Amino acid sequence: MVRAFVLHALALPLRRVDWLLLPLLAALAGLGLVALHSAAEDVRLVERQEAYLLLGLGLAVAAACISWRWWRLLAAPFYLLCLLLLALVPWLGIEANNARRWLDLGFVTLQPSELAKVAVPLALAAFYGLWPQRRRYWQHGVALLLALLPAMMILDQPDLGTAVMVLLAGVLMIFFAGLPWLFMLSGAALAALAAPLMWSFVLADYQKQRILAVIDPHSDPLGAGYHTIQSSIAVGSGGYWGKGWNQGSQAQLGFLPEHHTDFIFAVYAEEFGFAGCLALLGVFMLIFIRMATLAGKARDGAAGCLVAAFASVFALQALVNLAMVSGVLPVVGLPLPLVSYGGTSLLAFALSFGIAMAAARHRPPRRLGFGG
Amino acid sequence: MLAAGGERDERRVRRSFLARLALLGLAVTGLGLGLVWRWHYLQVERYEHFEELAVDNQFALERVGPIRGLIRDRHGVALAENNTRYLVRVNSDNAARTLERLDELGAYLPLAPKAAAKLEEAARSPVYAGEIVISDYLRLEDLLRFIDVQHLHPEAVLDARLLRSYPHGDFAAHVIGHVGRINAGDVARLRERRRYQQYVGSDFIGKRGVEAMYETRLHGAPGLREVHIDAHGRVLDTLHRLSPTTGADLWLTLDGGLQQKAEELLEGKEGALVALEPYTGEILALASAPRFDVNDFIGGVTQKQWEELNSTERGAPMVHRAIYGQYAPGSTLKPFLALAALDEGWRTPDYIYRSTGVFALTPRHLFHDWKRGGHGEVDMRKSIVRSVNSYYYELAHEVGVDAMHDALARFGFGRPTRVDLDNERGGVLPTEAWKREAVGEPWYPGDTIPIGVGQGYIVATPLQLARAMAVIANGGDLVRPHVVAQVGGIRLRPGPEERGLFDPAHIALVRDALAQVTLPGGTAYSRVGKDSSYPIAGKTGTAQVARLRYDEDGRVDNEDLPYRLRDHAWFVGFAPAYNPRIVVAALVEHGGSGGRAAGPLVRALMDHYLLERRGMRFGPSPYDLRWRPQQLAADN
């Protein structure tokens, strides 16, 4: 009797875990490990990534076990902690490649900008959740500010790719929370107008070169165009079925830069070919579809928005990374979710999936929620 | 519009959310399809193109530099060889790390001048920039010191390569020449001759002397190897290999011992010594003083060194006086004019000229004998033995400059000997037309007279004079002088340029006269012929540097002039006179009179060659009577 109660009490939170989504995530991470095994010269990288992966799956399950009510309360402290960490980066950060992005906490190195990708949508969801039925313009304004603040701090590191993703996460939240179409369209028009100004005043020279390199990589084959050319060669030489696991010459001989982090897909594509690429994209799409389904089913409006935002950030980041490696988009420092080597990114995505599961299963009290 | 609560608004908000979700789903699907299209393009449509690029990335064809041929003297002594040169290099990947610790390395190693700059450049370069040599030409002590600390600097790799070295330093420096790093000018020349590909694996190229003249043969041909490389250009393994062809060895005609003797004799002087084998034109010794150390040139000389090497103050050691220095031949020209005069029928041996000590072209244009009061009755023999100027003044005046030009051109004057060395000059053998062209003035009768005694516009190199003397020594062949005896085991025997130039009887007459020059009563007896166990034929000469000035008695004594204005001293001869083995021409700049300054050098060189090198023994024998001093009529 007591034992049954204890078991029931333990099992209750586990019911929030989405047992369809979790295996898909595990499958994607598994593909990532396969690619990483081939890409990494050092087997310790693979071992570390495996550890992160187990930790990530545990984190996702644990996050899913925490009720959405608790998450709403945790959102603000989490957001503030994230801001604090970001603020510490310029002083305590580890410098690499002319940028400070990592924070050494003694026992672990952490990339606060990855946490911001979770914290910002969560904070916005909690914020919008305060007024479940009313939308006012000022709410969108405050939400935008909440997203802009960490984005600007990340841009300062500098890390354009992640900053854009954080801002995008915020904007997607605002979009799903119901920003009128008029605003969306005028915002988009404004962005289009601002693009030339961005080009002249905001982008650094190396960023401009990267953009130009996509248009004509052969103008600077050993400089800005090198990544694009070499990754295109890697992907293209994969053919239909690929060269086989650990057989990719581009990856194994070191022609691919960043081949275990941002460009890991090139290794995968070279070794597994067009068929492997379709399989990988399939897994990504299934995860996205499952997330979108969860979002659509969510009873709580703000929670639904959050799930949708997480799903979009995940999918868009994946697509941008794949496009970059395939030589369609400029080189921006965005890892491939759950596949690229990198602990913080993996844990951040695991956390977001966990929170999404919790949020999707939330049943709001009838008088407060809409839908249902 | 969004403000109202209630069921209806709730539904509208939810509908709007679902619509937005669907829109996003569409966008993501669209982008995904775009990616599929892109992958199809890369992996299916252009697969072959990218496959080829990937293969190109992995394999490279490398050239392997050949080993340069050696240079030896005629007895096989190595004059230019390949030594191991040690250097320390750093892979471009490690450039940044090395740069941080460059000072530490600098404590053990003499760093290359541009090492820091090159490392910085490599550290900044996004791609592999190859190997950077940070220290080159390590001395033994640097090498040992570095080996001790090498484990502290794993990125600095000790490497050995071949380096041209000249074991005897300045020995025969002008002949051997030297190699130097391939520079932009060399690249342009090689490209023009379509030989640049041969030099891809090489650092050095012949710059001077036979190193430059026989560059094509000495260099050899590079080998090839097909290698498997990674993105850093590091060689993973070699697939195929075609060994380079080692360059051909050169054997020179130079006799090392004789060359050394010649250089010793010239020590402290400015001048040249040429020793020829009279029948073949093989150059036994070719010395020019002062000398320079060719090893200095391999790593490149500094501007200051270069200026010093070319400064007149230090005697311009770079100038190869034996083939590039042009001097008035002075009286050494007389035997050639005499032989030509016999051959052309201008003079018979018995023609008597009465020397009074002065030859007057006009009462105001006087040309003097070296002996005040003149030599009295002079036939051809005496004109040579006593070096009688006025005999040749008259001859020159009579036949004119153009006839002399044609006669002397048969001895090879006025054009390069085409010796197999770089930077040879051909001297000047003037004609009336030449003066109009070169000087821009008409030829005056007064210009012709000094030509008869080898002064005025005529100039020649020591090698030209030695070759002309070889014509008399070998009985009428104009040989082609050369310094290389064999290339890669194949003997070079350039035949004479011209054979049987003169009647042997005429040659014998001139040779007799030349042999008497070194006998009692001849101009070179005390300095050359005295106590010689073998007969020597030869002729002294004095090349005027400054225009002669006369005091009331006649000439100003040469010793009173400043060094740079003193005459150059000549002696050109061969020995043994009736069975010649060696022709020697000596020139001592500002040495004063020919017999005194140049004669002893020639005698010493001949002694060394005939008695020591060849071990020839000359003793009293019936045959010696042939050349035993004939009693000259007492000079009046």
Side-chain angles (χ1 to χ4, degrees), chain A residues 132-137 172 175-178 180 222-224 226 229-230 232-240 242-243 248-250 252-257 269-270 273-274 277-278 281 284-285 288-289 292 295-296 301 304-305 308 311-312 315-316 319-320 322-323 326-328 369-371, chain B residues 1-7 9-25 27-59 93 125-129 228-232 234 236:
Chain A
Q133 289 148 336
R134 283 168 216 195
R135 289 290 167 268
R136 309 257 183 213
Y137 294 135
L172 282 166
F175 169 68
F176 287 122
L222 295 179
Y226 183 79
I229 291 174
Q230 293 298 343
S232 293
I233 292 176
V235 173
S237 65
Y240 262 116
K243 298 176 184 172
S249 65
Q250 287 288 101
Q252 302 302 328
L253 298 179
F255 288 96
L256 286 173
E270 185 185 18
F274 189 54
C277 291
L278 290 185
L281 187 66
F284 271 113
M285 292 310 283
F288 174 72
I289 289 166
C305 290
S312 328
L316 288 177
L319 289 168
V320 166
L322 295 178
S326 308
V328 195
F370 55 70
Chain B
M1 99 189 124
L2 286 166
E7 201 79 356
D9 276 346
E10 258 180 47
R11 239 180 244 134
R12 210 177 62 187
V13 168
R14 178 156 174 79
R15 260 209 315 276
S16 159
F17 171 69
L18 289 176
R20 284 156 197 245
L21 197 57
L23 182 71
L24 196 93
V28 167
T29 312
L31 288 173
L33 286 176
L35 270 179
V36 172
W37 173 79
R38 172 74 180 171
W39 293 337
H40 187 266
Y41 170 76
L42 290 177
Q43 298 185 308
V44 179
E45 282 177 41
R46 304 288 314 272
Y47 164 69
E48 270 146 32
H49 169 70
F50 286 111
E51 171 65 17
E52 198 175 306
L53 288 179
V55 170
D56 276 358
N57 262 346
Q58 298 170 58
F59 299 102
D93 293 346
S125 159
V127 292
Y128 183 70
H228 199 190
I229 54 168
D230 71 0
H232 302 288
R234 273 185 295 244
L236 303 176

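We name chains A, B, ... by the order of the sequence lines, and we start the count at 1 in each one. Just so you know, these numbers use all the heavy atoms, side chains as well, and skip hydrogens, waters and symmetry mates. Note that this is a predicted model, so its numbers are computed, not measured.
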Undergrad: Under a 4.5 Å cutoff for heavy-atom pairs, which residue among B:Glu48, B:Glu45, B:Gln43 has the most contacts with chain A?
TA: B:Gln43
Undergrad: Less than 4.5 Å to any heavy atom of chain A: does that hold for the side chain of B:Val36, its backbone, both, or neither?
TA: both
Undergrad: Pick whichever of A:Phe175, A:Phe284, A:Tyr240 has the most heavy-atom pairs under 4.5 Å with chain B.
TA: A:Phe175
Undergrad: Going from CG on B:Leu18 to CG on B:Leu23, what distance comes out if it is rounded to the nearest 0.5 angstrom?
TA: 12.5 Å
Undergrad: Which of the residues A:Gly242, A:Gly273, A:Gly238 is involved in the greatest number of heavy-atom pairs with chain B at under 4.5 angstrom?
TA: A:Gly273
Undergrad: Would you say B:Glu51's side chain and A:Gly236's backbone share a donor-acceptor pair under 3.5 angstrom?
TA: no
Undergrad: Go through the atoms of A:Ala269 and report whether side chain, backbone, both or neither lie under 4.5 Å from a heavy atom of chain B.
TA: both
Undergrad: Please flag which part of A:Ala323 lies under 4.5 Å from any non-hydrogen atom of chain B: side chain, backbone, both or neither.
TA: both
Undergrad: Chain A heavy atoms under 4.5 Å from B:His49: which part of the residue, side chain, backbone, both or neither?
TA: neither
Undergrad: Treating B:Arg38 as the side-chain partner and A:Ser326 as the backbone partner, does any N or O pair qualify as donor plus acceptor under 3.5 Å?
TA: yes
Undergrad: With chain A, which of B:Gly32, B:Ala22, B:Ser16 has the greatest number of heavy-atom pairs at distances under 4.5 Å?
TA: B:Gly32
Undergrad: Looking only at heavy atoms, which two atoms of A:Ala295 and A:Gly304 are closest? And how far apart?
TA: CB-O, 3.7 Å
Undergrad: Side chain, backbone, both or neither: which part of B:Leu35 has an atom under 4.5 Å from a heavy atom of chain A?
TA: side chain
Undergrad: Quick check for you: to the nearest 0.5 Å, what is the distance between A:Met285 atom CE and B:Leu33 atom CG?
TA: 7.5 Å
Undergrad: Rounded to the nearest 0.5 Å, how far apart are CG of B:Leu42 and OH of B:Tyr47?
TA: 13.5 Å
Undergrad: For the atom pair CG (A:Leu172) and CG (A:Leu316), what is the distance rounded to the nearest 0.5 Å?
TA: 6.5 Å
